[in-house]
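Each remark here refers to the structure printed beneath this line.
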Amino acid sequence: MTLFRVEKFIYDIAYQNYMTDGYLRNSETETNIRFGRLGFILPGHGYITFSASL
């Protein structure tokens, strides 16, 4: 017995590097963000996704 059937997958991965010397004094910053997502599109216009960010 099958509860639901997975028809399509959702997936993506991203990386962002943001760096600025700042407009005001001592306001420089640097951030590195990594993101990933995996999911399934279900029948009946539903979906389930799992995501993570570092």
Do Leu54 and Tyr15 share a hydrophobic cluster (ILVMFWY, side-chain heavy atoms under 4.5 Å, transitive)?
no
Gap separating the OH atom of Tyr18 from the CG atom of Asn32, nearest 0.5 angstrom:
13.0 Å
Give a yes or no on whether Phe50 and Leu42 share a hydrophobic cluster (residues Ile, Leu, Val, Met, Phe, Trp, Tyr; joining criterion: side-chain heavy atoms under 4.5 Å apart).
yes
Whether over 12 other heavy atoms sit under 6.0 Å from Tyr47 OH
no
Quick one: closest heavy-atom pair of Ser27 and Gly22, and the distance?
OG-CA, 3.3 Å
Would you sort out whether Lys8 and Ile10 count as a side-chain contact (heavy atoms from CB on, under 4.5 Å), showing the intermediate values?
CA-CA 7 Å; Lys8 296 182 183 180; Ile10 301 169; over 6 Å; no
Distance from Asn17 atom CG to Thr31 atom OG1, nearest 0.5 Å?
7.0 Å
Distance col, row Glu30:CD vs Thr20:OG1, nearest 0.5 angstrom, shows 11.0 Å
Just verifying a value: how many Å separate Asp21 CG and Asn26 CG, rounded to the nearest 0.5 Å?
11.5 Å
